[in-house]
Number of protein chains: 2
Amino acid sequence: MDFGHLSKKAPTIQDVAARAEVSTATVSRVLSQSSSVSAGKRQAVLDAIDDTGYRVNRTARNLRTQRSHIVLALLPDIGNAFFSQVLQGIEKVLTPQGLALVVAETKQFNATDEELVNYLQDHRADGVIILDGSLPPQMVAALGDPAQESRIVFACEWVNNSDFPSVRSSNSDGAMQAVEYLYSLGHRHITHVTGPPNNVLTLEREAGFERACNRLGVHYTSITGGFSLDAGVQATKKLFALDSPPTAVFCASDTIAMGLISALSKEGLSVPADVSVFGFDDIELSKHFMPPISTIHQDRIALGTRAACLLLRCLEQGPQPGLVEQLPVQLIARDSCSSLTDSVASYPPMNDISTLGRNVTT
Amino acid sequence: MDFGHLSKKAPTIQDVAARAEVSTATVSRVLSQSSSVSAGKRQAVLDAIDDTGYRVNRTARNLRTQRSHIVLALLPDIGNAFFSQVLQGIEKVLTPQGLALVVAETKQFNATDEELVNYLQDHRADGVIILDGSLPPQMVAALGDPAQESRIVFACEWVNNSDFPSVRSSNSDGAMQAVEYLYSLGHRHITHVTGPPNNVLTLEREAGFERACNRLGVHYTSITGGFSLDAGVQATKKLFALDSPPTAVFCASDTIAMGLISALSKEGLSVPADVSVFGFDDIELSKHFMPPISTIHQDRIALGTRAACLLLRCLEQGPQPGLVEQLPVQLIARDSCSSLTDSVASYPPMNDISTLGRNVTT
DNA sequence: CGTTTTGCTGTAATCGATTTCAACGATAAA
DNA sequence: TTTATCGTTGAAATCGATTACAGCAAAACG
């Protein structure tokens with residue numbers, strides 16, 4: 001590519017120095033306020049900067065200081081609204097620090113080449129925030145030793161058996177809150193439509209779900225899903241195939257819940273009259289869905305800001321292996337879950353009323 | 001910030017040159033394959049690169065070549081799912097060109113300071129793709145003369161009275177298609193819930209809507225809105241306040257349509273039985289909403305790829321003032337709009353049946 | 001066989017900043 | 001008055017690449 005036609009030379013620090021009749025060193029000192037400069041010369045330099053319209057060339061500065069002032073955010077999918085809010089949080093912290101955010105998708109880095117690691121080694125980025133827990137193991141291994149490498153943090157998702165510091169929501173806690181809430185509404189048989197198998201979030205939410213069910217003596221079943229709308233639609237069929245249908249369904253994401261509610265309504269079942277549905281994430285639309293969906297709110301902005309702060313801390317203070325920050329989640333009660341006694345009173349009896357009060361231990 | 005602990009010096013081109021027993025110039029020539037190097041030396045260099053694990057320092061290269069290999073995307077709101085797909089398209093074109101994508105929100109640049117322009121002047125970015133048509137005029141003015149400035153393009157949105165090249169969907173055409181479709185279903189009174197006032201997209205869609213209505217002799221009314229869910233909810237009240245309710249509503253966005261449908265259902269009105277609702281954008285959820293929403297599909301990925309290609313072209317060939325690329329849109333018929341004769345047949349008569357066939361000219 | 005061309009290679013300048021180091025004048029301390 | 005200290009300042013080295021230029025040998029030419 002030929003960009004020759006762009007040349008329109010900007011004033012350099014030399015020009016400023018010449019105009020202010022000082023050395024480039026002095027100009028630089030004024031610029032970075034690193035050491036003292038006499039008031040007179042400082043003003044002369046400031047005036048010269050004004051006159052010439054000088055702007056510091058970041059590339060030159062970066063070369064000299066050995067920093068790129070760039071942070072790379074690695075997402076599984078740029079098109080995902082969930083992550084875009086996290087990015088917003090990251091940006092909020094980075095920008096005031098003079099750091100720019102570069103976003104890229106993990107899929108553009110195949111496991112074989114070292115492109116990802118190169119981003120750091122090439123000084124293309126000072127640090128990386130990874131929002132994808134599904135990186136292939138060999139790629140994670142290539143990232144280096146968490147005890148040595150201080151420029152990588154995980155956010156939202158993470159990788160098991162790895163010590164890179166991370167920020168995440170309290171996923172298992174969220175699932176437990178959901179179960180407790182449904183229990184308080186009288187539900188004693190809950191089905192969990194999970195996220196994709198082996199996903200770390202899926203695992204955490206499943207664990208929380210089962211722990212709470214066991215503790216409260218709630219009968220539970222499980223349907224393997226995914227986080228998509230379609231997974232919710234598919235789950236509906238499996239729901240009908242269950243021996244004894246649940247009175248409530250806890251979905252691993254709001255999107256699943258929407259797919260489920262939508263598919264149920266096509267089958268003539270209404271939510272929450274016939275069955276309660278609970279989501280996870282509190283995406284914007286949940287509030288406006290019909291019915292509005294009860295869910296676990298994740299503070300996506302905070303996830304981003306905390307991750308960015310964590311990265312900053314690593315850059316300043318060195319590696320923080322094993323450090324995990326769990327952000328609290330919040331239960332949002334809306335209309336998609338109803339009290340079982342209420343619905344029994346106002347609607348025909350549940351078809352699984354026989355399971356009420358039945359306790360199950362694993 | 002002290003990043004001293006990060007120092008672990010990477011091999012430089014000097015190290016490679018020494019090891020291969022050639023000059024740095026030769027190494028550089030092998031790297032950039034710009035001019036011929038004898039097979040023997042080439043292999044020696046290649047081996048040395050392998051041995052040392054050398055990686056080119058982009059910052060140094062950027063300084064020397066006067067390019068940053070970075071493109072800045074400016075969004076009104078990073079958290080918006082619509083834009084994140086456009087970004088995906090941009091990325092798809094940029095990455096193979098060795099260009100990285102930096103995203104930033106316009107609101108972080110206030111109109112008074114020149115931060116935005118500085119991005120280009122500082123060599124922090126080689127080019128900028130602006131996805132925000134609501135930039136304050138003085139900021140647009142600060143961007144420079146479109147006939148001179150070859151590093152700025154607009155995408156999705158644009159600024160009136162400005163010659164910067166841009167890529168956009170055929171908004172007015174989409175609105176016209178929507179009207180024609182509703183007309184073909186028998187609707188003769190349509191209300192348009194618009195986007196935010198003065199927005200370029202709002203204006204285009206309004207224009208297309210009115211043109212089609214006038215041409216077909218459709219009675220139309222208009223409610224000022226916004227692109228949000230809430231705007232759809234608010235519009236519902238105004239809809240009821242209309243002298244003669246329409247048989248169909250054309251919304252300037254799918255989100256408006258969802259808010260509207262949701263609010264209508266709370267009022268006991270069902271879509272499309274009582275009123276047809278048409279959207280715009282074809283966001284992912286429209287397909288899964290209840291009912292699935294008829295809409296105008298915008299190819300968001302293509303919007304991104306074309307914008308990136310346009311920027312590349314500007315960078316290579318110089319300014320392209322006034323160049324506008326309009327991407328075709330596509331009508332997607334789903335369940336939220338029904339044939340008027342059908343619904344008249346199967347439901348109680350519309351309350352505005354008196355307006356059928358009534359023509360209005362502006 | 002002399003001359004020109006071609007192909008390859010290295011030296012050194014360059015991009016635009018930061019920073020080390022030495023020097024300088026003025027002030028404080030002895 | 002002499003010496004030590006301090007705050008300022010500039011010259012020059014430096015970051016790590018690219019590239020203009022010149023040199024040189026081998027090949028092509030007349």
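Computed over heavy atoms, backbone and side chain alike; hydrogens, waters and symmetry mates excluded. Protein chains get the first letters and strands the later ones, always in sequence-line order, with residue 1 at the start of each.
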Test item: A/T65 side-chain N/O and A/R61 main-chain N/O as donor-acceptor pair under 3.5 Å: yes
Touch class at under 4.0 angstrom, heavy-atom based, for A/V56 against every strand present: sugar-phosphate
Expected output: side-chain B/D126 to main-chain B/H69 donor-acceptor under 3.5 Å: yes
Nearest-angstrom distance from the residue atom CG of B/D15 to P of D/dG16: 9 Å
Letter per nucleotide, 5' to 3', of nucleotides 8-13 of chain D [B base touched, S only sugar-phosphate touched, - untouched; heavy atoms, 4.0 Å]: SBBBBB
A/A73 versus A/L131, closest heavy-atom pair with distance: CB-CD1, 4.2 Å
Separation of atom CD1 in B/I13 from atom P in D/dA17, rounded to whole Å: 5 Å
Taking every non-hydrogen atom, the tightest pair across B/R29 and B/V37: CB-CG2, 3.7 Å
B/T305 and B/I90, any side-chain heavy atoms less than 4.5 Å apart: no
Side-chain touch A/V153/A/S166, heavy atoms, less than 4.5 angstrom: no
Between P of D/dG16 and OH of B/Y54, the distance in whole Å: 10 Å
Side-chain donor/acceptor of B/S32 to backbone N/O of B/S28, under 3.5 Å: yes
Nearest-Å distance for atom pair CZ/C1', residues A/R67 and C/dA17: 15 Å
Euclidean distance, atom CZ of residue A/R61 to atom P of D/dG16 [Å, nearest integer]: 18 Å
Enumerate all atom pairs, one protein N or O and one N or O from nucleotides 24-26 of chain C, separated by less than 3.5 Å.
none

Rounded interatomic separation in angstrom, taking CD from B/Q14 and P from C/dG10: 13 Å
Sub-4.5 Å side-chain heavy-atom contact between A/L75 and A/D132: no
Residue-phosphate contact under 4.0 Å: A/Q66 side-chain N/O, D/dG16 OP1/OP2: yes
d(CZ, A/R124; P, D/dG16) in whole Å: 17 Å
Side-chain donor or acceptor of A/D163 paired with backbone N/O of A/P146 under 3.5 Å: no
Residue-phosphate contact under 4.0 Å: A/T12 side-chain N/O, C/dG16 OP1/OP2: no
Rounded distance (Å) that lies between atom P of C/dA17 and atom CD1 of A/I49: 10 Å
